[in-house]
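Here's the structure we're looking at; comments come further down.
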Amino acid sequence: MDVRLEGIRHKVHNGERLSAEDGLYLYRHNDLLAIAELAREAKIKKSQDKVFFNVNRHINLTNICHSRCKFCAFGIDSQDQGAYAMTPDEAFAWGAEVVEQGVTEFHVVSALHPDLPFDYYVEVISRLHQAYPDIHIQAFTAVEIHYFSQITGLSIREVLETLQEAGMGSIPGGGAEILNDNIRQQLCPNKATSDEWLEVHRTAHQMGIKTNCTMLYGHIESLEDRIDHLIQLRNLQDEAPGFQAFIPLPFLPENTHLQGISRTTAVDDIKTIAVSRLMLDNIDHIKAFWIMLGIGIAQLALHFGADDIDGTVIEERIMHAAGADTEKGITKNEIIRLIQQAGYLPVERDTLYNILREFR
Ligand code: V47
């Protein structure tokens, strides 16, 4: 009998918090099915047999970025071929064209554009919100919010208040990468530090704005760094609750400055989902983002603790620039089928996890 694993099992059964050492032990453990069993137990306690999805459209306003993170294949210079910045009219049209398809969320993220003023972003949100007040706008990662504060001189709270007034409903989880400044210095020195990223989410939560959180893994970080990242998210959630979902993002190396690094393996992806479910006892949802994991692994992830499979997405760009070979969007019926086939109950949700419809 594996005494250490039994100890962890005991904690999971009793709803006790796992330590950093427990998390590392699980990551290094080879009995995938034992880990699955524990993570599934934790998932069932949170969301029973439900697996959530939503119908959303990603709107990536521009790819012109001064940050140029080494892991990113999306951001480019304004002179580079393929550089674009949507006008507010174009951004509006991009959203408007899918409204008939039953979209309940616009997911708006872009890049750290060197010249576009904050007013531009406020205008885009405001126009979408005024025309479609019932569609939730999840917009701008903490890194973008921090950048808006830098270019305007407004505080983080003031930036958030302005966006909220314009119609922003919640904040996505991007830009977290790995919350370790040595690693950020190597990968993404020109954007928010770990503390700055956490501070944006802390402020949002204190204002009652819900947010998500992510972890970019499978590049230069160690397993210890990943566990430390999870614990920082867990600590913030204890201090100022507001994270709705955690989304682990496997690094896709194609077209990036880190091309010598191989893609993560299926075992690593699945373990990361399971360890996240078990470590993040205070975050309700773990999202298997099918765009990055691939549909097959995303489906398997539902047996390893994930209870959300993101949405229909409709035209994703950031991950496809980095070699994601999945479709740019899938239909609602396909999502329902892949959740049902995995033996779970598909539940269409809105951005704030209100249940819109169950597909029994
Ligand atoms: O912050 C960039 C990551 C993030 C690559 O909140 C890459 O519901 C892998 O955060 N390989 C943006 N990852 C996307 C994001 C997101 C996606 C879906 C749902 C939600 C949510 C958030 O994408 C970036 C960065 O961590 N990223 N380049 C790459 N080559």
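Order of listing sets the numbers, starting from 1, for every ligand and every atom in it. Side chains included, hydrogens not; waters and symmetry mates left out as well; all remaining heavy atoms used. Bear in mind that the values here come from a model prediction, so they are computed numbers and not experimental data.
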- Does an N or O from Ala73, backbone or side chain, lie closer than 3.5 Å to an N or O of ligand 1? no

- Out of Val109, Leu216, Leu249, Thr211, who gets a non-hydrogen atom closest to atom 13 (N) of ligand 1? Leu216

- Query: Quick one: does Glu105's side chain get under 4.5 Å of Asp350's, heavy atoms only?
  - Reply: no

- Query: Between His58 and Phe289, what is the ring plane arrangement, given parallel below 30°, perpendicular above 60°, and tilted in between?
  - Reply: parallel

- For the residue pair Tyr353 and Phe52, does the interplanar ring angle fall in the parallel (under 30°), tilted (30 to 60°) or perpendicular (over 60°) class? perpendicular

- Cation over ring, Arg127 on Phe92, under 6.0 Å and within 45°? yes

- Between Leu252 and ligand 1, find which residue part has any heavy-atom pair under 4.0 Å and reply side chain, backbone, both or neither. both

- Query: Under 4.0 Å from ligand 1, counting heavy atoms only, is it the side chain of Pro250, its backbone, both or neither?
  - Reply: backbone

- Message: Test your reading of the structure: does Gly174 have an N or O sitting under 3.5 Å from an N or O of ligand 1?
- Response: yes

- Query: Which is it for Ile247 and ligand 1 at heavy atoms under 4.0 Å: side chain, backbone, both or neither?
  - Reply: side chain

- Item | Phe289 and ligand 1 - part of the residue with a heavy-atom distance under 4.0 Å | side chain

- Query: N/O to N/O below 3.5 Å, does that happen between Glu177 and ligand 1?
  - Reply: yes

- On the 0 to 90° scale, with breaks at 30° and 60°, tag the Trp197-Phe243 ring pair as parallel, tilted or perpendicular. parallel

- Task: Classify the ring geometry between Phe140 and Phe148 as parallel (under 30°), tilted (30 to 60°) or perpendicular (over 60°).
- Result: perpendicular

- Query: Are any of the N or O atoms of Asn212 closer than 3.5 Å to those of ligand 1?
  - Reply: yes

- Task: Please verify whether a non-hydrogen atom of Glu254 lies at under 4.0 Å from ligand 1.
- Result: no

- Query: Taking distance alone, with no angle check, do Lys287 and ligand 1 share an N/O pair under 3.5 Å?
  - Reply: yes

- Item | Side chain Gln341, main chain Gln299, donor-acceptor under 3.5 Å | no

- Query: How many angstroms lie between atom CE of Met168 and atom OH of Tyr121, to the nearest 0.5 angstrom?
  - Reply: 15.0 Å

- Work out whether the distance between some heavy atom of Pro253 and some atom of ligand 1 is less than 4.0 Å. no

